[in-house]
Amino acid sequence: MPELFLTNSLSRRKERFTPLDPSHVRMYVCGPTVYDLAHLGNARAMVVFDVLARLLRALYPRVTYVRNITDIDDKINTRAAESGEPIGAITARTTADFHADMAALGVLPPDVEPRATGHVPEMIEVIERLIASGHAYAAEGHVLFAVASFSEYGRLSGRSPDELLAGARIDVAPYKRDAGDFVLWKPSTPDQPGWDSPWGRGRPGWHIECSAMSWRYLGETFDIHGGGRDLIFPHHENEAAQSLCAFPGSHFARMWLHNGMLLVNGEKMSKSLGNFFTIRDVLDRAPAEAVRLLLLRAQYRAELDFSDVALAEARKELDRFYRALERHPDAVAGAVPEPVMGALCDDMNTPLALAALHALADAALAGEADAAAGLRASGLLLGLLGADPAAWFRGGADGAEIDAAIAARLAARKARDFARADAIRAELAAKGIVLEDGPGGTTTWRRAS
RNA sequence: GGUCCGGUGGCAGAGUGGUGAUGCAGCGGACUGCAAAUCCGCGAAUGUGGGUUCGAUUCCCGCCCGGACCUCCA
């Protein structure tokens with residue numbers, strides 16, 4: 001079995017992945033806050049960790065992958081107040097949209113997908129532990145984490161507590177002991193969603209959700225915690241602080257993985273900047289599989305600039321892969337060839353893996369059936385190339401009408417009326433249909449990429 | 001301002017202390033009525049100034065440029 005190496009944000013180094021329990025690998029990834037459609041940046045994180053989950057499953061006998069749904073959040077409350085739509089309706093609809101987007105992108109469901117609303121008692125329990133051990137305090141209906149009580153605070157994000165306090169640029173609430181203290185629990189007004197707690201009716205802070213849900217499903221210490229690089233601070237720093245203090249002696253996540261940001265025109269795509277494409281926007285313009293490939297064309301830690309050019313290139317790459325598979329219809333996915341597995345095991349080097357896929361495609365096109373089998377297997381590991389080549393090239397178009405046009409063109413060619421034959425071809429081209437003449441008067445067609 | 005990450009052909013994007021992958025685009029050729037696809041071939045890159053070294057794109061330092069984070073963010 002090849003050894004897996006991953007870059008741990010905690011050490012900022014590439015490390016050999018050594019699971020706590022090799023018979024059961026456990027991973028937690030921060031899922032979406034369900035108040036609006038997911039954008040392509042969200043998709044990147046989901047696709048990256050989907051590939052990691054697939055890779056782990058290929059390497060280890062059992063993997064538990066937990067990815068939460070955050071359905072308690074003030075952005076949701078704000079949205080409900082603005083639109084008048086009930087909170088439960090917003091979160092249910094947005095969750096369903098998210099699931100549909102993930103399915104389109106070939107992102108497999110996680111093993112457990114806990115929702116914050118279903119785990120408030122666990123959150124309260126974690127908070128009570130923190131208060132009991134002196135790491136948190138109640139003040140004016142709030143419960144706050146005392147960053148001064150945790151000497152390791154700032155380790156993940158690489159900041160010293162002093163810097164964090166000095167850099168605090170928000171108004172510091174008067175009930176905070178330190179400017180860097182963050183909310184574990186806050187009071188709700190009667191019109192806001194709330195749960196009864198030892199501190200009155202209120203709702204949890206954002207970070208505590210993940211601490212509670214990872215604990216519930218993966219235990220105090222687990223193998224991998226993933227998310228976008230922009231979550232390192234404050235979210236993951238705070239999450240780690242809470243969990244490490246609530247469960248003394250634990251390690252929480254042994255390895256932290258963070259994917260780079262998706263950029264648009266050199267700037268981060270984010271909801272707050274408003275420069276985002278929703279996943280649906282992009283799926284209207286290109287096949288979902290091309291979008292997935294696009295997201296895997298850069299190494300996960302690097303930034304990735306989204307563009308229509310890149311999308312078109314991804315589509316053409318898939319054309320070539322599917323052409324190679326079409327050449328060998330009987331090739332069944334076999335073992336994943338070493339160059340592909342080796343690249344993925346080296347810190348999920350998907351661009352290098354894709355280069356290996358191109359080499360397999362070349363060999364398959366040259367006639368090697370084994371290469372086609374390896375190509376198919378490699379694609380499947382990446383969540384790609386699962387379609388029938390015919391569906392990729394010709395799905396969704398009216399075959400009968402095209403066949404009739406091809407027949408008419410064939411007749412014109414036999415009569416050596418090439419002007420007419422070319423006119424028919426041009427008409428089809430205008431409709432996005434490309435013809436390919438084979439030997440012996442056969443003609444096949446495909447949609448233009 | 002502080003912390004961190006990065007700068008590789010026209011574009012995208014890997015690797016590497018010793019003649020710089022891969023894809024897209026471009027150019028030439030084969031094939032084709034012409035194309036398309038496929039095949040063969042070609043040109044084309046390590047931001048900048050130092051240092052270490054027999055040798056640096058790779059390691060170290062400065063500079064320039066870009067990006068992320070600094071309590072909403074994947």
Side-chain angles (χ1 to χ4, degrees), chain A residues 9 12 29-33 35 38-49 73-75 78 147 154 157-160 162-172 179-183 205-207 226-235 237-238 258-263 266-273 276 293-294 297-299 301-305 307 309-310 312-317 319-320 323-324 326-327 343 346 349-359 361-362 365-366 393 413 416-419 421-422 425-426 429 434-439 443-446 448:
Chain A
S9 301
R12 290 166 186 77
V29 171
C30 290
T33 299
Y35 70 101
H39 60 65
L40 202 55
N42 302 119
R44 186 185 188 193
M46 296 304 111
V47 167
V48 161
F49 290 105
D73 186 275
D74 284 352
K75 287 193 290 291
T78 302
V147 295
S157 56
R159 299 151 205 265
S160 73
D162 291 346
E163 287 169 39
L164 290 169
L165 299 186
R169 66 180 182 191
I170 53 157
D171 293 334
V172 178
D181 291 356
F182 55 91
V183 170
W206 176 32
H207 318 300
R229 188 167 220 73
D230 55 349
L231 292 183
I232 291 178
F233 191 87
H235 186 48
E237 188 72 60
N238 292 353
H258 292 99
N259 62 278
M261 296 295 95
L262 188 82
L263 310 182
E267 245 192 338
K268 182 171 83 158
M269 175 187 289
S270 76
K271 288 185 176 177
S272 57
L273 290 176
F276 64 93
L293 177 58
L294 163 70
R297 297 209 322 156
Q299 210 264 355
R301 285 184 295 110
E303 287 166 346
L304 169 57
D305 209 346
S307 71
V309 171
E313 285 185 11
R315 212 165 154 159
K316 286 175 191 167
E317 287 189 55
D319 280 346
R320 188 168 175 84
R323 220 165 250 134
E326 194 170 41
R327 189 71 58 91
D346 185 8
N349 193 335
T350 50
L352 190 60
L354 289 170
L357 261 69
H358 279 289
D362 288 345
L365 285 165
F393 287 119
R413 289 177 71 207
R416 301 199 64 81
D417 181 356
F418 294 120
D422 290 352
R425 184 168 63 192
V434 177
L435 298 187
E436 297 181 359
D437 294 333
T443 298
T444 57
W445 63 274
R446 63 185 169 86

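Heavy atoms only: backbone and side chains are in, while hydrogens, waters and symmetry mates are out. Predicted, not measured: the structure shown is a model, and the values here were computed from it. First the proteins, then the strands, lettered A, B, ... as listed; each starts at 1.
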**Study point:** Whether A/Glu237 side chain and A/Gly154 backbone form a donor-acceptor pair below 3.5 Å
**Key:** yes
Against the side chain of A/Ala355, the closest entry in B/G67, B/A14, B/U22 is B/U22
Discussion item. If I pick the C1' atom on B/G50 and the same atom on B/C40, what distance separates them, to the nearest angstrom?
Written reply: 46 Å
Exercise. So A/His358 and A/Glu317, side-chain contact (heavy atoms from CB on, under 4.5 Å) or not? Walk me through it.
Worked result: CA-CA 8 Å; A/His358 279 289; A/Glu317 287 189 55; 2.8 Å; yes
Can you check the distance between B/C4 and B/C60, where both ends of the measurement are the P atom (answer in whole Å)? 14 Å
Of the listed B/A68, B/C69, B/A14, the closest approach to the A/Phe233 side chain comes from B/C69
Exercise. Looking for any heavy atom pair under 4.0 Å, which part of the strands does A/Met269 touch: base, sugar-phosphate only, or nothing?
Worked result: base
Partner of B/U71 under the Watson-Crick or G-U wobble criteria, both distances under 3.5 Å, comes out as none
Checklist entry - Is A/Gly260 touching bases, backbone alone, or none of the nucleic acid, heavy atoms closer than 4.0 Å? => result base
Comparing A/Phe49 with A/Ala356, nearest RNA chain B nucleotide closer to 5' gives the residue A/Ala356
A/Met261 CE to B/G6 P, in whole Å, measures 15 Å
Within the modelled atom types, does a donor on one side and an acceptor on the other bring the side chain of A/Asp437 and the base of B/C34 under 3.5 Å apart?
yes
Of the listed B/A68, B/A36, B/G33, the closest approach to the A/Asp422 side chain comes from B/G33
Mate of B/G6 across any strand shown (Watson-Crick or G-U wobble, both atom pairs under 3.5 Å) is B/C65
Side-chain atoms of A/Asn238 come closest, of B/U71, B/G13, B/A68, to B/U71
In whole angstroms, the gap separating C1' of B/U38 from CZ of A/Arg446 amounts to 12 Å
Separation of B/U38 atom P from A/Glu326 atom CD, nearest Å, is 11 Å
Winner on side-chain proximity to A/Arg229, out of B/U38, B/G23, B/A68, is B/A68
Report task. Give one of base, sugar-phosphate or nothing for A/Lys316, where a contact means two heavy atoms less than 4.0 Å apart. Result -> sugar-phosphate
Measuring only the P atom in each nucleotide, how far is B/U8 from B/G13? A whole number of Å is fine.
9 Å
pair_partner(B/U58), Watson-Crick or wobble, both distances < 3.5 Å, evaluates to none
- Query: If you count the non-hydrogen atoms of other residues, nucleotides and ligands that lie under 6.0 Å from CZ in A/Arg416, is the total more than 12?
  - Reply: no
Touch class at under 4.0 angstrom, heavy-atom based, for A/Leu357 against every strand present:
nothing
### Query
Which whole number of Å gives the distance between the C1' atom of B/U52 and that of B/C11?
35 Å
Looking only at atom types and distance, does a side-chain atom of A/Asp437 sit under 3.5 Å from a main-chain N or O of A/Thr443, one as donor and one as acceptor? no
task: For the pair A/Arg425 and A/Asp422, evaluate salt bridge (Lys or Arg N to Asp or Glu O under 4.0 Å) and give the outcome as yes or no after the intermediate values.
output: CA-CA 5 Å; A/Arg425 184 168 63 192; A/Asp422 290 352; 3.4 Å; yes
When rounded to whole Å, the CG to P distance for the pair A/Asp74 and B/U71 reads 17 Å
Q) When you look at A/Arg323 and A/Glu436, which way does the salt bridge (Lys or Arg N to Asp or Glu O under 4.0 Å) test go after all the steps? A) CA-CA 12 Å; A/Arg323 220 165 250 134; A/Glu436 297 181 359; 3.5 Å; yes
Whole-Å distance, A/Leu262 CG to B/G13 P, equals 11 Å
Rounded to whole Å, CD of A/Glu237 lies from C1' of B/U3 at a distance of 12 Å
Among B/G33, B/C24, B/C70, the one nearest any side-chain atom of A/Glu313 is B/C24
Of B/U38, B/U71, B/G33, the nucleotide closest to the side chain of A/Arg320 is B/U38
Sorted by position of nearest nucleotide on RNA chain B, 5' first, the leading residue of A/Ala366 and A/Asp305 is A/Asp305
(message) If I pick the P atom on B/G43 and the same atom on B/G10, what distance separates them, to the nearest angstrom?
(response) 15 Å
Side-chain N or O of A/Asn349 closer than 4.0 Å to phosphate OP1/OP2 of B/G15: yes
Notebook entry, point to check: Which is true for A/Gly41 with a 4.0 Å heavy-atom rule: it touches a base, it touches only sugar-phosphate, or it touches nothing?
Noted result: base
query: Any idea how A/Phe182 and A/His207 line up, ring-wise: parallel (<30°), tilted (30 to 60°), or perpendicular (>60°)?
result: perpendicular
Q. So what does A/Arg413 touch, heavy atoms closer than 4.0 Å: a base, only the sugar-phosphate, or nothing?
A. base
Side-chain atoms of A/Arg159 come closest, of B/C70, B/A36, B/G33, to B/C70
Between CG of A/Leu354 and P of B/G13 the distance, given in whole Å, is 13 Å
- request: Please state the P separation for the pair B/G1 and B/U58 - nearest whole angstrom.
  value: 27 Å
Among B/C39, B/G33, B/A68, the one nearest any side-chain atom of A/Lys268 is B/A68
Original post:
How would you label the contact of A/Ile232 with the nucleic acid (heavy atoms, under 4.0 Å): base, sugar-phosphate, or nothing?
Top reply: nothing
**Request:** Remember a base hit wins even if backbone is also touched, and classify A/Glu436 as base, sugar-phosphate or nothing at under 4.0 Å, heavy atoms.
**Result:** base
message: Determine whether a donor-acceptor pair (N or O, by modelled atom type, separation under 3.5 Å) exists between the side chain of A/Arg44 and the backbone of A/Gly260.
response: yes
- Just checking A/Val434: base, sugar-phosphate only, or nothing, at a heavy-atom cut-off of under 4.0 Å? sugar-phosphate
Interatomic distance at C1', B/A45 relative to B/G7, whole Å: 12 Å
Using Watson-Crick geometry (N1-N3 plus N6-O4 or O6-N4) or G-U wobble (N1-O2, O6-N3), each under 3.5 Å, B/U32 is paired with none
From CG of A/Leu352 across to P of B/G20 the rounded distance in Å is 18 Å
Checking B/A37, B/C39, B/G33 against the side chain of A/Asp362 (C-beta onward), the nearest is B/C39
Base, sugar-phosphate alone, or nothing: which one does A/His235 contact when heavy atoms must sit under 4.0 Å apart?
nothing
Across every strand shown, the nucleotide meeting Watson-Crick or G-U wobble geometry with B/G26 (both distances under 3.5 Å) is B/C42
Notebook entry, point to check: Expressed as a whole number of Å, how far does the P atom of B/G26 sit from that of B/G33?
Noted result: 24 Å
Taking every heavy atom of A/Thr350 against every heavy atom of A/Ala298, the minimum-distance pair comes out as OG1-O, 3.3 Å
